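Remarks on the structure that follows.
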Amino acid sequence: MTSISVLKQRENQIYQKGNQPFKMECETKSLAGAVSQRACVFCGSRVVLYPIADALHLIHGPIGCASYTWDIRGAQSSGPELHRMSFSTDLSETDIIYGGEKKLKKALLELIEKYSPKAAFIYCTCIVGIIGDDVDAICRQVEDQTGIPVIAVHSEGFKGTKKDGYKAACDALFSLIERNKAPRVTLPDSINILGEFNIGGETWIIKKYYESMGVKVVSVITGDGRVEEVQQARNAALNVVQCSGSVIHLAKQMEKDYGIPYIRVSYFGIEDTSDALYQVAVFFDKNPEILKKTQDMIRKEVQAIVPRLETMKKDLEGKKAAIYVGGAFKAFSMIKALKTLGMEVVLAGSQTGTQEDYEVLRQMCNEGTVILDDSNPLELAKYSVEKDADLFIGGVKERPIAYKMGIGFCDHNHERKIPLVGFEGMVNFAKEVHGTVTSPVWDLVPRRQKPAGKEGAI
Amino acid sequence: MLLRHTPKEIKERKVLSVNPAKTCQPIGAMYAGLGIHGCLPHSHGSQGCCAYHRSALTRHYREPIMAATSSFTEGASVFGGQANLLQALLTIFTTYKPDVVAVHTTCLSETIGDDVNQIVKKAYKDGTIPEGKYVVHTSTPSYVGSHVTGFSNMVKSMALQLAEKTGKSNGKVNIVPGFVEPSDMAEMKRIAAMLGIESILFPDTSGILNGPMTGKFNMYPKGGVSIEELKSIGDSIGSIGLGAWASADPVRAIDSQFKVPCQVQDLPIGLLATDRFVDALRTAAGVSVPDTINQERGQLLDVISDMQPHLYGKKVAIAGDPDQVIALTEFLVTIGMKPVHIVTGTPGKAFTKRIKEVTARFGDEINVKSPSDLFHLHQLIKNEPVDLLICNTYGKYIARDEDIPFVRHGFPILDRVGHSYFPTVGYKGGLHFLEKILGALMDRTDRDAPEERFELVE
Ligand code: SF4
Ligand code: SF4
């Protein structure tokens, strides 16, 4: 394992705390030829807008882009489920030559007639950017004809990274909000929850907290989303942006155009969840009732879960974790949550962290922790084994790598089924970590097997 | 969930794909590339496609899927991807040290018109490709064909670009297995070995995508067809291509280039198709069929006859890849079932014709459509219900909505295991597949049986 050479060009994207001056090179384009874990602009847009359940999501491009994003995220809806269907213009060779505009228009009209969606999002994929279809023009025509918002999402894959896709999605969301022509009214003690996708029902948990605090949730962008709710978002007094940062652009735009302030929070782990709720309560300090209710609720919730966490902590104390996530912000909360469980982080990396993110990471981590930007499987494997991690937290592509090495795994991406936010989410997280780290399966891994005849041998 | 969105009345759709029964070319090429020992597939295009393809394969095989990408950016899509590909090859050979790189294009690089052949030639000339290492490449634009086409293209390219004819026979038979599971490839090799035939099976993902847990992450697991074997396919005594869509082109190309006589057979799924496969092997190598094989055949036939009452007249709906569906359909017909709705997403006129042949005894009662999608299949089922659905994982929505016993088969399977380990081809595979069908049907009988008819013995 140690024989793996780190790419020369990547030397400044890998850092071990303590051994060198720190200046992470990040937000760079991936090197051609790397086995990068990164995705594309389209992927970013699709992820953000996906949970809007009563909108039509039409992918304008060849079939693959649609196939791979067909219902792979567990964003749950309490009502319509139109978002879970896969609609594609399935471009063929002649469309590439003569353009796909006619096809797009026809498809849109057909679908809108059949499903009466509340709005339509048209995702432009790489090829659309190349053949130069005027998607905006088609959208305008169809919007005029059908009377529902029809919005082009400019998510041509090659125009950047997943992060740029978030921005494209934010532009689309803002343009949806803009179409609300009713006068703005600021509702008292009200917020929007931003960047929450209702994976495993997480939106419902967070909403419940706010409601019991006496805070009105105007809209959740985009968890369990509805078009009309999103359009009401401009009436909220505060935007509360979830850590992932995927919709930060929207918050900034709304601040600029509507004067709605925003705060960034995380709902992962006891510390950060409490902090998030307190921040909101403090924001509405004109209504002291809210702060009081918040205190009561948090006390009750924490009391309820601490004993359960303590039991699991006994087994987890001193175990080591490696985390590799999309956005670095997520990693911060995770490090804290793992500390709550008595675990130590030995590797922390992200696909899209910024300079400041990595500085925060560095401060949070212990001596010797490996910090990585835009990593590849070889590096992840090498350092996880060298650091003897007991747990890997990552996404779909990391899972089998961790398992091959005989390391426990926890999905903190879209494939998970259980909610990890809030207080009850922390218990779920602890259970999952505990379950995978203490699984007897790992004793069977060749690397860890004791020699035959000795205690513990199989 | 689809139920709500699937009207019973069927309208002709010309411009839309809804819930596709196919995906795009590069993923097939990537899968084929993984079947060469020491090979790193490479996606020449933007990062997103590669990330999606790797994720999809990871979910299906639950193994680490390695592939590099040219990481196109806006610049590349304007000025062409030559610089990216050359840089990529340099990066790959210095960092990941594969023996072969299997390059496929994506929609993007195809549309901007990169001449990969010329770029690879240049890379050989410049020494970017080190001595003794190889690059094979194929063209896989996704606005034509499907993942099956992509697989076929890569197999053909790996054969033509690596094989050399020495003029001295190696006495071996080439087997081109088609887009099947690693377990199926292993079974084909086992059957050939039972006949005492030396075979070169390519691509061969057995051992690579169903490899053991070793406690280490290995980029190039044991298994796969070796370069030496690929080099010598021009000296083989014959080639058998299994499946017209996935394997006909490769074996015919080998025939015309190296004068290795070829046969194209259906995938050996079911009794009759396996008979033909065994016979093709027998005649190609001039051997006789050993008792062990006849024994396995007899066992399959025995179970078919034992279970006849449970199978006869049962209606089935099938969706999948054309080669798979044709062979499955024939199998079902021979065991007394009645496949009534049959669709594939991959285009190709011969599909309908071949299905009509194998279902001749039912005349015009069979609905068959190519290319089509799962939305259409669902509509057909609504109009004429069936007793069993055979489809990839996405079929589970239809199965749930319509309450139909369901057997997962094909690509992708995202929610069950076994496909990588238990073959469907050959007599043994037929037995395994039959067991799955019977299990699904009889579980249903038990579930629905009223108390007095709930039987212990079936
Ligand atoms: S752009 Fe083409 S190659 Fe890429 S995912 Fe879409 S269909 Fe597949
Ligand atoms: S074609 Fe472009 S948009 Fe589609 S998956 Fe590939 S990179 Fe993303």
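Per chain, numbering begins at 1; letters A, B, ... match sequence-line order. Please read these numbers as outputs of a predicted model, since none were measured by experiment.
Ranked by heavy-atom pairs shorter than 4.5 Å toward chain A, the options B/Leu374, B/Asp373, B/Asn84, B/Thr214 are led by B/Thr214. Heavy-atom pairs under 4.5 Å with chain A were tallied for B/Arg59, B/Met66, B/His53, B/Arg62; the largest tally goes to B/Arg59. Listed options A/Lys162, A/Lys102, A/Lys103 were ranked by heavy-atom pairs under 4.5 angstrom with chain B; first place goes to A/Lys103. Comparing A/Gly129, A/Ser86, A/Pro377 by heavy-atom pairs within less than 4.5 Å of chain B, the highest count is held by A/Ser86. Counting heavy-atom pairs under 4.5 Å between each of A/Gly406, A/Gly61, A/Ala66, A/Ser92 and chain B puts A/Ser92 at the top. Chain B forms more heavy-atom pairs under 4.5 Å with one residue of A/Ile96, A/Ile59, A/Ile97, A/Leu58 than with any other, namely A/Ile96. In terms of heavy-atom pairs under 4.5 Å with chain A, the best-connected choice from B/Ala56, B/Pro141, B/Ser55 is B/Ser55. In terms of heavy-atom pairs under 4.5 angstrom with chain B, the leader among A/Ala107, A/Ser88, A/Ala39, A/Gly100 is A/Ser88.
Between B/Asn392 and B/His60, the side chains place no donor N or O within less than 3.5 Å of an acceptor N or O (distance only, hydrogens not considered).
For A/Thr69, the part lying under 4.5 angstrom from a heavy atom of chain B is the side chain only. For A/Ile401, the parts lying near chain B are the backbone and the side chain together; criterion is any non-hydrogen pair under 4.5 Å. Proximity to chain A (any heavy atom under 4.5 Å) is restricted, for B/Ala67, to the backbone atoms N, CA, C and O. Looking at A/Ile131, the atoms closer than 4.5 Å to chain B (heavy atoms on both sides) all sit in the side chain, from C-beta outward. With a threshold of 4.5 angstrom between heavy atoms, A/Glu93 approaches chain B through its backbone and through its side chain. If you measure heavy-atom distances from B/Ser70 to chain A, the contacts under 4.5 Å come from the backbone alone. Residue B/Val144 touches chain A through its side chain alone, counting heavy-atom pairs closer than 4.5 Å. With a 4.5 angstrom heavy-atom cutoff, A/Leu104 does not touch chain B via any of its atoms.
At distances below 3.5 Å, not a single donor-acceptor pair connects side-chain atoms of B/Ser46 with backbone N or O atoms of B/Phe72. No donor-acceptor distance shorter than 3.5 angstrom exists from the side chain of A/Asp54 to the backbone of A/Pro80, with no hydrogens or angles considered. Between the A/Trp442 side chain and the A/Ile407 main chain, no donor and acceptor come within less than 3.5 Å of each other. Within the 3.5 Å criterion, the main-chain N or O of B/Leu414 finds a donor-acceptor partner in the side chain of B/Thr393. Remark: side-chain polar atoms of B/Arg54 are paired, donor with acceptor, to backbone N or O of B/Ile65 under 3.5 angstrom.
Rounding to the nearest 0.5 angstrom, the gap separating the NZ atom in A/Lys382 from the CE atom in A/Met405 is 13.0 Å.
Residue pairs that meet the ring pair (Phe, Tyr, Trp, His ring centres under 6.0 Å) test with at least one member in residues 8-29 of chain B, sequence neighbours left out, do not exist here.
Inter-residue side-chain proximity for B/Lys22 and B/Pro371 is flagged as unmet; no heavy-atom pair is nearer than 4.5 Å.
With sequence neighbours left out, the side chain to side chain contact (heavy atoms under 4.5 Å, CB included) criterion links B/Ser142 to A/Pro62, B/Cys24, B/Gln25, B/Pro26, B/Cys107.
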